[in-house]
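Below: one structure, written as structure tokens.
On a predicted model such as this, the values are computed, not experimentally measured, just so you know. Whatever order the structure lists ligands and atoms in, that order sets their numbers, starting from 1.
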Amino acid sequence: MKVPFALPECGEAETNEVVEVIKSGWLTTASRAFEFENRFKEFTGAKYCLAVNSCTAALHLGLEALGIKRGDKVIVPVHTFTATAEVLRYLDADPVFVDCDKDTFCISIPELQQKIAEDNLKRQIKAVIPVHFGGHSCDMDHVIDISRKAALSVIEDAAHAFPAFYVSSNENGEEKRRIIGKIGDVTCFSFYANKTITTAEGGMLATDNEAIARRAKVMRLHGIDRDVWDRFGSLKSDWIYDVVAPGFKYNMPDLSAALGIHQLRKANLFREKREKIAQRYYDELSGIDGLTLPKIKCSMKDHAWHIFAILIDSRYSKHSLNRDDFILKMKEKNIGTSVHYIPLHRLTYYRNRYNLQPEMFPNSEWIFQRCVSLPIYSAMTEDQIEYVICSIQKILN
Ligand SMILES: *Cc1c(COP(=O)(O)O)cnc(C)c1O
């Protein structure tokens, strides 16, 4: 038995659509990309959805459209992938790092509040990038509330969170369930090969803000503004264009969108399959000494279940196994695992440039030393799920 850490689930529909695109002779952005955008709009209810070639590109475009520029600062959780922070450097802006919540691994609300308070006089912080870790929504009521009071934009890194939901309740106790993509100013999704739906490489920028959408659309493709020319009405020869800014090359090719259209149709089904795997892990791995299951603050059905990160604590494990030993034992059994994440304060570039020390981020550091992510994807077979569970029980018992 072999269980890879991640595996995309593409069927005949995807294969046929890709072949059709190839046969059509037009491989890059056209009707399939537009169709994918429209369907994504229907799915999320976001007014504007722009398909791009990565979530990193969506974050870059979103920040640029929000007006983030040289010298600005933007709050980023330290417990994330480098893409969340690197995009700020593209704009000559800088991340301000905050610790994460010990249970959800999402941005720590008290730490967020404190960083903004510290910035009070200088007013350099312009935005916040919450990351919905593993597919668990951040505490968005607090993120939005704190940000609005300080006049900060909110751009969500939703690379793990498709589809995921945030449920809040008002003073009367009435619940409001919103899909991730309809909450902050901008939301960025990833369709990288190991994400919850895939286009091989790809991403989506979702927003309800027309000005942001317009700017991001222009910057997505070289800063070319065809609408400027369209205003002249008759002058619509297709060789004519104008460039209004030094834009980027972030459009999604139809070859990728062909996958996306069909993956999107299965997004709810895929999520349900992952939820079932998560439920199996909860049912069958609870009560093992030295193993802590994810502590969620949402209901099972609101979680995208992109990552299932358990904690291994050698002090409580019968065999004094630490996380690294556990990963090796799993590897011996041909089971792929991963670590989400090596926090940014441990990576040379961020550590040196921002003078970061582990003591500054005790929660993230504590998690990093114990966390390991188990396989969780729709293409996992019943036998594979069973094998992962039995192997863990054997390793830790
Ligand atoms: C995967 C990922 C990204 C980057 O997504 P790409 O589509 O590969 O650019 C950004 N942030 C997080 C948290 C991710 O996991």
Side-chain angles (χ1 to χ4, degrees), residues 5-8 33 36 40 49-64 74-90 95 97-98 100-101 104-107 127-138 143 154-164 180-181 184 186-206 216 220 248-253 255-257 259-260 263-264 267 274 303-309 337-347 350 364 367-368 371 373 376-377:
F5 174 64
L7 199 68
F36 185 39
F40 206 84
C49 288
L50 299 176
V52 288
N53 58 12
S54 72
C55 177
T56 309
L59 287 163
H60 185 196
L61 286 171
L63 289 162
E64 201 273 345
V74 173
I75 293 182
V76 171
V78 82
H79 208 83
T80 187
F81 184 55
T82 183
T84 318
E86 80 188 30
V87 288
L88 294 163
R89 299 299 302 132
Y90 297 179
F97 297 103
V98 300
C100 64
D101 180 271
T104 64
F105 305 10
C106 289
I107 194 163
V128 183
I129 313 182
V131 179
H132 304 297
F133 187 95
H136 185 301
S137 168
C138 294
V143 170
V154 175
I155 167 167
E156 296 164 56
D157 181 338
H160 303 172
F162 186 76
I180 298 300
V186 177
T187 307
C188 304
F189 296 97
S190 174
F191 312 126
Y192 178 67
N194 70 6
K195 297 299 203 295
T196 58
I197 68 167
T198 186
T199 62
E201 299 281 355
M204 190 74 77
L205 182 158
R220 174 175 63 173
F248 314 112
K249 187 61 170 56
Y250 285 161
N251 56 304
M252 174 183 279
L255 212 42
S256 286
L259 293 174
Q263 290 275 293
L264 189 55
R274 292 190 304 270
H303 200 305
W305 296 112
H306 171 52
I307 290 172
F308 195 93
T337 56
S338 189
V339 171
H340 296 97
Y341 285 96
I342 302 170
L344 301 183
H345 64 257
R346 280 187 168 245
L347 304 176
Y350 298 108
S364 176
I367 291 164
F368 167 66
C371 71
S373 304
I376 184 165
Y377 45 90

For atom 11 (N) of ligand 1, closest protein heavy-atom neighbour: Asp157 OD2, 2.7 Å
Thr80 N/O to ligand 1 N/O under 3.5 Å: no
Centroid separation His345 to Phe97 less than 6.0 Å: no
Ligand 1 atoms in contact with Ser190 (distance to a heavy atom under 4.0 Å): 5 (O), 6 (P), 7 (O)
Which residue and heavy atom of the protein sit nearest atom 8 (O) of ligand 1, plus the separation: Tyr192 CB, 3.8 Å
Asn53 vs Glu201, side chain to side chain contact (heavy atoms under 4.5 Å, CB included): CA-CA, chis, key distance, verdict: CA-CA 6 Å; Asn53 58 12; Glu201 299 281 355; 5.6 Å; no
Contact (N/O only, under 3.5 Å) between Ala159 and ligand 1: no
Ligand 1 N/O within reach of Tyr341 N/O, cut-off under 3.5 Å: yes
Per-atom contacts, ligand 1 versus Cys55 - under 4.0 Å to a heavy atom: 4 (C), 5 (O), 6 (P), 7 (O), 9 (O)
Between Phe36 and Phe191, ring centroids under 6.0 Å: yes
Close N or O approach (Thr56, ligand 1; < 3.5 Å): yes
Exercise: do His340 and Ser373 side chains pair donor with acceptor under 3.5 Å: yes
Nearest protein heavy atom with distance in Å, relative to atom 1 (C) of ligand 1: Lys195 NZ, 1.7 Å
Numbered atoms and elements of ligand 1 in range of Gly202, under 4.0 angstrom, heavy atoms: 7 (O)
Aromatic ring pairing His303/His136, orientation class (parallel under 30°, perpendicular over 60°, tilted between): perpendicular
Given Leu205, Ile129, Thr187, the one that forms side-chain contact (heavy atoms from CB on, under 4.5 Å) with Ile155: Ile129
Geometric class of the His79/Phe133 ring pair [parallel <30°, tilted 30-60°, perpendicular >60°]: tilted
Worked verdict on Val128 versus Ile107 for side chain to side chain contact (heavy atoms under 4.5 Å, CB included): CA-CA 10 Å; Val128 183; Ile107 194 163; 4.2 Å; yes
Atom 15 (O) of ligand 1 [closest protein heavy-atom partner, distance rounded to 0.1 Å]: His160 NE2, 2.7 Å
